[in-house]
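Below is one structure, written out as structure tokens, with a few remarks after it.
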Amino acid sequence: MIRGEADHVHLLVGIHPALNLSTLINNLKSASARQMRNRFADHLAKFYWKPYFWHRAYYVGSVGEASLETVKRYVEAQGTQEKPRKAAKRPPPA
């Protein structure tokens, strides 16, 4: 399952515990970048002129006690509505 936001994507995948996560993420990023560059080359050329498409960083989390249905609902809700961002808390002036 996949859903996107303006600046990131959410993937829900089930994998074998022995699979190397960094290899999986690298393969997903490489294959998706190649497909997008091939499919949308003219449009993307205006924005992505450097040799990389995705940022090298990524986040992987496990769901622990949450049910699969709860996590599916969370992923499905991504990108469906604008969520207000909380202002960063700054220390009071000294």
Side-chain angles (χ1 to χ4, degrees):
M1 172 180 300
I2 184 170
R3 287 283 196 230
E5 298 279 339
D7 59 354
H8 64 278
V9 294
H10 293 254
L11 299 172
L12 175 59
V13 296
I15 61 169
H16 190 277
L19 183 65
N20 183 334
L21 287 174
S22 62
T23 301
L24 172 67
I25 299 299
N26 185 47
N27 289 343
L28 287 171
K29 287 182 174 186
S30 296
S32 62
R34 189 169 35 257
Q35 287 184 1
M36 284 188 275
R37 285 184 186 276
N38 289 337
R39 189 168 181 188
F40 306 107
D42 293 337
H43 178 72
L44 293 175
K46 297 179 270 187
F47 306 102
Y48 298 100
W49 60 91
K50 295 183 180 178
Y52 51 85
F53 189 84
W54 295 108
H55 192 280
R56 66 181 182 164
Y58 62 90
Y59 168 78
V60 174
S62 62
V63 296
E65 296 288 322
S67 71
L68 181 57
E69 285 306 313
T70 299
V71 178
K72 282 183 179 179
R73 281 194 308 272
Y74 170 79
V75 173
E76 287 170 349
Q78 301 309 301
T80 59
Q81 60 185 343
E82 191 63 31
K83 297 167 202 69
R85 297 195 182 249
K86 294 180 181 177
K89 291 186 179 183
R90 296 184 182 173

Is there a path from Y59 to V9 through hydrophobic residues (I, L, V, M, F, W, Y) whose side chains come within less than 4.5 Å of each other?
-> no
In this structure, CG of N27 is separated from CG of N20 (nearest 0.5 Å) by 9.5 Å
Verdict with reasoning, L28 to V13, per side-chain contact (heavy atoms from CB on, under 4.5 Å) | CA-CA 12 Å; L28 287 171; V13 296; 5.6 Å; no
Check against side-chain contact (heavy atoms from CB on, under 4.5 Å), L12 and Y74 | CA-CA 10 Å; L12 175 59; Y74 170 79; over 6 Å; no
Supply the atom-to-atom distance E69 CD to K72 NZ, rounded to the nearest 0.5 angstrom.
-> 5.0 Å
Report the C-alpha distance between K29 and F53 in whole Å, list the side-chain angles of each, state the deciding distance to 0.1 Å, and finish with yes or no for side-chain contact (heavy atoms from CB on, under 4.5 Å).
-> CA-CA 8 Å; K29 287 182 174 186; F53 189 84; over 6 Å; no
Nearest heavy-atom approach of H10 to Q78 is NE2-OE1, 3.3 Å
Sub-4.5 Å side-chain heavy-atom contact between W54 and S32 | yes
Trace of the side-chain contact (heavy atoms from CB on, under 4.5 Å) decision for Y58 with S22 = CA-CA 9 Å; Y58 62 90; S22 62; 3.4 Å; yes
